[in-house]
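Step one of this worksheet: look at the structure below.
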Amino acid sequence: MSVPDSITKILSVAMIIPVGRVATYGQIADLAGLPGRARLVSKALKKADHDMSIPWHRILRSDGKIAFAANSEQAQEQKQRLLSEGVAISGYRITLKQYQWQPELHDLLHRLKY
DNA sequence: TTTGTGACCGTAA
DNA sequence: ATTACGGCCACAA
């Protein structure tokens, strides 16, 4: 499978994360059928920045922290976006585990028709 | 061709 | 809680 195709798949999965919920880079990779390729997810998001259909701010590291360097412009904007959606954040880490996007995604994935 | 660099991750101290 | 390490691998130098 080509890298561009993988990117496309990753983005198609990323864009279905519900408002007010979050997912990790690794989860997105898994759901895109690319286990172990979390880094490719970050790369995909970077390539797709400015694409308003992709909720990049809802993607966090596996430990619940925002991936950007603390205090960076991007980290602060991401935090604001999450807060505005009602996601609780303390410092740069989500507070409540219940925000984890424990997929009811079989349905969501089904709609993607890979 | 080799090397360094990431919006990463799981495990083990 | 934090650090270290080995995996991961596309991409640029």
Side-chain angles (χ1 to χ4, degrees):
Chain A
M1 172 183 232
S2 74
V3 171
D5 284 347
S6 296
I7 301 286
T8 299
K9 234 177 194 176
I10 287 168
L11 296 180
S12 68
V13 170
M15 73 169 68
I16 68 176
I17 304 172
V19 174
R21 310 300 291 291
V22 299
T24 69
Y25 293 87
Q27 287 175 340
I28 298 302
D30 289 342
L31 295 175
L34 300 164
R37 305 301 308 284
R39 292 191 102 126
L40 188 56
V41 173
S42 66
K43 179 157 292 246
L45 293 179
K46 188 166 54 180
K47 280 197 64 171
D49 65 352
H50 290 334
D51 182 330
M52 304 305 285
S53 68
I54 296 166
W56 58 272
H57 60 289
R58 308 210 265 251
I59 302 179
L60 306 168
R61 296 203 312 217
S62 63
D63 61 4
K65 285 195 297 186
I66 283 174
F68 294 108
N71 287 321
S72 67
E73 267 305 317
Q74 319 191 58
Q76 296 197 31
E77 180 179 349
Q78 185 168 5
K79 180 176 181 179
Q80 284 314 306
R81 285 183 172 230
L82 290 172
L83 288 173
S84 73
E85 292 186 356
V87 177
I89 301 230
S90 169
Y92 286 90
R93 175 192 313 263
I94 60 172
T95 306
L96 306 175
K97 189 167 272 180
Q98 58 202 74
Y99 285 117
Q100 224 72 351
W101 186 40
Q102 293 296 37
E104 52 265 9
L105 33 103
H106 263 293
D107 302 348
L108 296 172
L109 279 180
H110 217 292
R111 270 176 245 155
L112 291 182
K113 60 185 174 201
Y114 291 149

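Order of the sequence lines fixes the chain letters, A, B, ..., with proteins taken first and strands second; residue numbering starts at 1 for each chain. The structure displayed is predicted, hence computed values, not measured ones.
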**Report entry** Side-chain ion pair, A/Glu85 and A/Arg81, N-O less than 4.0 Å
**Finding:** no
Report task. Mind checking the CG-CZ spacing from A/Leu34 to A/Arg39? Nearest 0.5 Å is all I need. Result -> 15.5 Å
Report summary line: Rounding to 0.5 Å, atoms CD (A/Gln78) and OG (A/Ser72) come to a distance of 8.5 Å
**Report entry** Atom of A/Thr95, atom of A/Ser90 and distance for their closest heavy-atom approach
**Finding:** OG1-N, 3.4 Å
Query raised in the report: B/dC9 P sits how many Å from A/Leu31 CG, rounded?
Result: 13 Å
Query raised in the report: Once you round it to whole Å, what is the distance between P of C/dA1 and OH of A/Tyr92?
Result: 18 Å
Query raised in the report: Of A/Leu40 and A/Arg93, whose closest DNA chain C nucleotide lies nearer the 5' terminus?
Result: A/Arg93
Query - Nearest-Å distance for atom pair CG/P, residues A/Asp30 and B/dG10 - result: 9 Å
Query raised in the report: Can you name the closest pair of heavy atoms from A/Gln76 and A/Asn71 and give their distance?
Result: NE2-O, 3.1 Å
Requested in this report: Taking only the side-chain heavy atoms of A/Tyr25 (C-beta and beyond), determine which of C/dA1, C/dA10, B/dC8 contains the nearest atom.
Outcome: B/dC8
Report task. Report the distance from atom CD of A/Gln74 to atom C1' of B/dG6, rounded to the nearest whole Å. Result -> 13 Å
Report task. Would you kindly give the CD1-to-P distance between A/Ile28 and B/dC9, to the nearest whole Å? Result -> 11 Å
Report task. Among B/dC9, B/dA7, C/dA10, find the nucleotide with the atom closest to the side chain of A/Arg37. Result -> C/dA10
Requested in this report: Describe the nucleic acid contact of A/Arg39 in one word from base, sugar-phosphate, nothing, applying a heavy-atom distance below 4.0 Å.
Outcome: base
Report task. Strictly below 4.0 Å, heavy-atom distances to any atom of DNA chain B: list the hits from residues 43-57 of chain A, or just say none. Result -> A/Leu45, A/Lys46, A/Trp56
Requested in this report: Please report, rounded to the nearest Å, how far the C1' atom of C/dT3 is from the CZ atom of A/Arg61.
Outcome: 13 Å
Report summary line: A/Ile10 atom CD1 is separated from B/dA7 atom P, nearest whole Å, by 15 Å
Query - Separation of atom NZ in A/Lys65 from atom P in B/dC9, rounded to whole Å - result: 12 Å
Report task. Evaluate the side chain to side chain contact (heavy atoms under 4.5 Å, CB included) criterion for residues A/Leu82 and A/Leu60: first the C-alpha distance (whole Å), next the side-chain angles of each, then the deciding distance (0.1 Å), finally the verdict. Result -> CA-CA 11 Å; A/Leu82 290 172; A/Leu60 306 168; 4.1 Å; yes
Query raised in the report: Of the non-hydrogen atoms in A/Ile66 and A/Ala75, which two are nearest, and what is the gap between them?
Result: CD1-O, 3.7 Å
Query - Span that lies between the P atom of C/dG7 and that of B/dA7, in whole angstrom - result: 23 Å
